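Below is one structure, written out as structure tokens, with a few remarks after it.
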Amino acid sequence: MNVSSNRKIPRILISELYKLVTLPSIWITLISTFVANLFFVAAFTSASTNVLGTAGTQSSLHIGLSSMVYLQAGFIILGTLATCSEYAGGQIRTTLTTVPWRGLQLTMKHVALGILTIPAAFIIVTCSMLYPLFILRETTVVVQLETIIESLVGATGYLTFTTLLSAALGAILRRTTSTLVMLLTYYYVLSPLSRDVIPRIRDYFPDTAGLYMYIPPSSDVVNGFTPIQGAGISTLWTLTFITLAILLFAKRDA
């Protein structure tokens, strides 16, 4: 099949994006993540005011970002479903029949997932920041707009990297349950346990490096990396997993 790249790439990208936006589980995951995140933010905001009746020296930005550890789970599920859903009912065979260019197809799937994830992550993180900012507007420390924007961009980027990495691992394992078990075990068990064992090496882990992308500066804590360095390490992890997924996808049977 001889199709020019100028026509091939946009068509495959549109096709992959259409499959994602018409997949019910994608929207169920995004809506559930949005609602659950608001619940956590509201709980953290309430807890911060119940201690001494005010939020004290804790800024609304820190409170708004406190749900990120739970919020990332929704985007892990999102990335996993994006690639594993096609294997569940054998739809991948239909996909490869219509789009025989395997490497390009999986690449465009990740690009389409990124296009979908960035605005979704931006909206959810923005709501996380605005809620405590509005509720605690008279009790918290004032945060500069520049700092808020930097954290917003960093958090959006981190969630996008997390989604793409999860999608790549899903393409490697091809099983939703196996992928989720591996990812959730790493993010919520192995990585926290390594905090005291290998603290310096842990800074290079994808979740910890991503943390530096959005964590607000503090006089009490010295960040291991700058936001740019954290983004660079997260990018390397994500590209490594995507490259491995593409290489395996191109060589093995569907």
Side-chain angles (χ1 to χ4, degrees), residues 16-17 19-41 44 64-86 106 108-131 151-173 175-192 205-215 227 230-231 233-242 245:
E16 292 300 328
L17 189 57
K19 285 192 293 185
L20 289 176
V21 299
T22 56
L23 194 64
S25 59
I26 295 294
W27 293 106
I28 292 174
T29 300
L30 286 175
I31 294 172
S32 300
T33 301
F34 178 80
V35 173
N37 183 66
L38 283 182
F39 172 81
F40 282 118
V41 173
F44 291 139
L65 292 173
S66 58
S67 66
M68 283 288 292
V69 65
Y70 306 104
L71 176 58
Q72 66 184 358
F75 286 86
I76 290 172
I77 296 172
L78 174 66
T80 302
L81 291 176
T83 51
C84 292
S85 59
E86 284 196 282
L106 189 57
M108 290 301 102
K109 177 177 285 295
H110 283 85
V111 173
L113 181 59
I115 293 174
L116 178 67
T117 303
I118 290 174
F122 182 84
I123 292 172
I124 294 176
V125 174
T126 300
C127 292
S128 296
M129 294 182 176
L130 289 179
Y131 181 86
S151 293
L152 175 59
V153 173
T156 300
Y158 169 69
L159 292 175
T160 302
F161 285 137
T162 301
T163 304
L164 295 177
L165 190 152
S166 302
L169 184 60
I172 293 172
L173 299 181
R175 297 291 184 273
T176 302
T177 302
S178 301
T179 304
L180 286 178
V181 168
M182 183 173 293
L183 286 169
L184 294 177
T185 299
Y186 164 73
Y187 277 93
Y188 293 100
V189 179
L190 297 181
S191 183
F205 289 0
D207 57 326
T208 310
L211 174 69
Y212 297 124
M213 293 175 60
Y214 64 85
I215 188 170
I233 295 172
S234 297
T235 300
L236 288 176
W237 275 105
T238 304
L239 291 179
T240 299
F241 271 85
I242 292 176

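Note that the structure is a prediction, hence the values are computed from the model and not measured.
- The shortest heavy-atom contact between Ser66 and Phe44 is OG-CD1, 3.0 Å.
- In the displayed structure, Phe122 atom CZ is contacted under 6.0 Å by at most 12 heavy atoms of other residues, nucleotides or ligands.
- Panel note: side chain Tyr188, backbone Val69; a donor-acceptor pair is recorded below 3.5 Å.
- Remark: the backbone N or O of Tyr187 is not paired with any side-chain donor or acceptor of Ser191 at under 3.5 angstrom.
- Scanning both residues, Gly114 and Leu164, for their nearest heavy atoms gives N-CD2, 3.9 Å.
- Applying the salt bridge (charged side-chain N to carboxylate O under 4.0 Å, His left out) test to every pair with at least one member in residues 22-35, sequence neighbours left out, gives no pairs at all.
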Please lay out, stage by stage, how Phe34 and Cys127 fare under the test side-chain contact (heavy atoms from CB on, under 4.5 Å). CA-CA 9 Å; Phe34 178 80; Cys127 292; 3.6 Å; yes
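- Using modelled atom types, no side-chain atom of Trp237 and backbone atom of Phe205 make a donor-acceptor pair closer than 3.5 Å.
- Met182 contributes atom CE, which lies 13.0 Å from atom CD1 of Ile76 (distance to the nearest 0.5 angstrom).
- In terms of heavy-atom proximity, Ala168 sits nearest to Ala245 at O-CB, 3.5 Å.
- Annotation: the span from Gln72 atom CD to Thr162 atom OG1 amounts to 6.0 Å, rounded to 0.5 Å.
- When only modelled atom types and interatomic distance are considered, Asp207 and Tyr158 share no side-chain donor-acceptor pair under 3.5 Å.
- Closest approach of Thr29 and Gly74 over heavy atoms only: CG2-O, 3.4 Å.
- For Tyr70, the ring-ring contact (aromatic ring centres under 6.0 Å, His included) partners two or more places apart in sequence, or in a different chain, are Phe40.
- Between atom CD of residue Glu86 and atom CG of residue Leu106 there is a gap of 9.5 Å, rounded to the nearest 0.5 Å.
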side-chain contact (heavy atoms from CB on, under 4.5 Å), that's the test. Do Ser234 and Met213 meet it? Break it down for me. CA-CA 9 Å; Ser234 297; Met213 293 175 60; 3.7 Å; yes
Check against side-chain contact (heavy atoms from CB on, under 4.5 Å), Leu159 and Leu71: CA-CA 8 Å; Leu159 292 175; Leu71 176 58; 3.6 Å; yes
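- The shortest heavy-atom contact between Leu65 and Met129 is CD2-CE, 3.7 Å.
- A distance of 11.0 Å separates CG of Leu190 from CG of Leu183, quoted to the nearest 0.5 Å.
- Once rounded to the nearest 0.5 Å, the distance linking CD1 of Ile28 with CD1 of Ile77 reads 12.0 Å.
- When every heavy atom of Val41 is checked against every heavy atom of Tyr131, the shortest pair comes out as CG1-CD2, 3.8 Å.
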Between Ser128 and Asn37, does the side-chain contact (heavy atoms from CB on, under 4.5 Å) criterion hold? Intermediate values first, please. CA-CA 7 Å; Ser128 296; Asn37 183 66; 2.4 Å; yes
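- Note: Leu20 CG to Trp27 CH2 = 10.0 Å, rounded to the nearest 0.5 Å.
- Side-chain atoms of Thr83 come within 3.5 Å of backbone atoms of Ala167 as a donor-acceptor pair (strictly under, hydrogens ignored).
- Here the side chains of Thr33 and Leu78 are not in contact, with every heavy-atom distance at 4.5 Å or above.
- For the pair Thr179 (side chain) and Thr80 (backbone), a donor-acceptor distance under 3.5 Å is absent.
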